[in-house]
Number of protein chains: 2
Amino acid sequence: MKELPSITKLTNSFSKLPGVGVKSAERMAYAVLNMDPEDVGEFSEALKQAVENIHKCPCCGVYTEDEICEICSDKGRDHSVIAVVSEPKDVLALEKMNSFNGVYHVLGGVISLSKGKSIESLSIDSLVEKVDKGDVKEIILATSATLDGETTAVFIAKLLDGRGVEITRLGYGLPMGASLDYADSLTLAKAFESRKKI
Amino acid sequence: MKELPSITKLTNSFSKLPGVGVKSAERMAYAVLNMDPEDVGEFSEALKQAVENIHKCPCCGVYTEDEICEICSDKGRDHSVIAVVSEPKDVLALEKMNSFNGVYHVLGGVISLSKGKSIESLSIDSLVEKVDKGDVKEIILATSATLDGETTAVFIAKLLDGRGVEITRLGYGLPMGASLDYADSLTLAKAFESRKKI
């Protein structure tokens, strides 16, 4: 007996997800057969709806269901401060802190030699355009504190240098709630560097 | 900014899968947005098709797209030897060793005190019926080598005792504590070879 075609197809689809290998994908496919058919219907519909309803905001690159995302269309926010992030989901993480009132610019990745991601594949041109229009006061480079995130931040900082805009980078240091002896030495060194008077 | 409704729905659906927590589900939902829309369409369709096309064989309980599964309808197989397994996917694992020519009976689970699964929820009655018809020579209890699998095997062995059928259990080539569907074909074949009367 061979695997049923319907299960093979489903396994293939699941294995395209991040962190899901063939064996897990197979388990998931069989789990679907044990699920409430109504739940599976909702699942199938949710996938279709996601692709149909969601697109990237033409202004900042965040995922949205509206024409322009709610951040870009919010006149109460400070459009002269732009936080530059790598992925749309990073915006959600930053919004959760509830203290940033500027707007965002999503690069759509980071420069990565190992993954073969070059500058051309990121939306950097549109960022330069925004800056050149002259209404931007500050660019906060909020890419991850990884090698690729750093490389990207340094690259953009150089590119925007001399265009009359203040360029800042997220502060480094100990994550809140972390004990000192669990922090790696690079983080500790960075925390020492960026120490402040209290 | 709140999470988009379409993403929330998709995250909910993913989190219903085995081994997928909220954080992984969220990652998967965002990964879908980065996927080729055609792939997502196929994924959505595969889910729908799986529920529509696949049902359990009324004869043995294996998942099938036909009225009766190909094993039960195969006259070349020995219908007097029945391997009793816990889940439909176990049949696939056993079929991969290519050396068993009998048929199957899927219980739909194992007796489990911890999961509150009792004897009534398993299809044991239909197994007894098959035996009582008198055409069955051997019942191979091929449940997993776990506590629950053992309990179930012993229970069925006692139930069928004295009904004129030989009852065997998979040999202990299976490493104890392992799930049947994770065992390799060679181990499974060895286990079949060394099956013993209980």
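Just so we're on the same page: letters track the sequence lines, and every chain starts at 1. Being a predicted model, the structure only gives us computed values, none of them experimental. Atoms considered below: every heavy atom in the structure, side chains included; atoms not considered: hydrogens, waters and symmetry mates.
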**Prompt:** Does a side-chain heavy-atom distance below 4.5 Å link A:V51 with B:F43?
**Reply:** no

**Note, B:V20 side chain near A:M28 side chain (heavy atom, < 4.5 Å)** = yes

**Prompt:** Between A:M35, A:E42, A:E52, A:K23, which shows the greatest number of heavy-atom pairs under 4.5 Å with chain B?
**Reply:** A:K23

**Asked** Pick one: which of A:D36, A:D39, A:V32, A:V40 meets side chain to side chain contact (heavy atoms under 4.5 Å, CB included) with B:K16?
**Response** A:D39

**Message:** What part of B:N98 gets within 4.5 angstrom of chain A, counting heavy atoms only: side chain, backbone, both, or neither?
**Reply:** neither

**Fill in**
Cut-off 4.5 Å, heavy atoms of chain A, and the answer for B:I54 is side chain

**Message:** Tell me whether the count of non-hydrogen atoms from other residues, nucleotides or ligands lying under 6.0 Å of CZ in A:R169 goes above 12.
**Reply:** yes

**Asked** Near B:E67 CD, under 6.0 Å, is it more than 12 heavy atoms from other residues, nucleotides or ligands?
**Response** no

Cluster check [X], [Y]: I/L/V/M/F/W/Y, side chain < 4.5 angstrom:
X      : Y      : result
B:F155 : B:L147 : no
B:V128 : B:I167 : yes
B:V62  : B:I68  : no
B:V154 : B:I156 : no
A:I119 : A:V110 : no

**Fill in**
Here the pair of heavy atoms bringing A:L33 nearest to B:A50 is CD2-O, 4.0 Å

**Message:** Tell me the closest heavy-atom pair linking B:P18 and A:A31, and the distance in Å.
**Reply:** CD-CB, 3.4 Å

**Item:** Selection from B:P5, B:A46, B:S44, B:G41 maximising heavy-atom pairs under 4.5 Å formed with chain A
**Value:** B:S44

**Heavy-atom pairs under 4.5 Å with chain A, option from B:K9, B:Q49, B:E65, B:K48 with the top count** = B:E65

Name the region of [X], side chain, backbone, both or neither, that has any atom closer than 4.5 Å to a heavy atom of chain B.
X     : answer
A:L17 : side chain
A:D74 : neither
A:L10 : both

Can you tell me how far the [atom1] atom of [X] sits from the [atom2] atom of [Y], to the nearest 0.5 Å?
X     : Y     : atom1 : atom2 : result
A:Y30 : B:D90 : OH    : CG    : 9.5 Å
A:L47 : B:F14 : CG    : CZ    : 5.5 Å
A:L4  : B:N53 : CG    : CG    : 9.5 Å

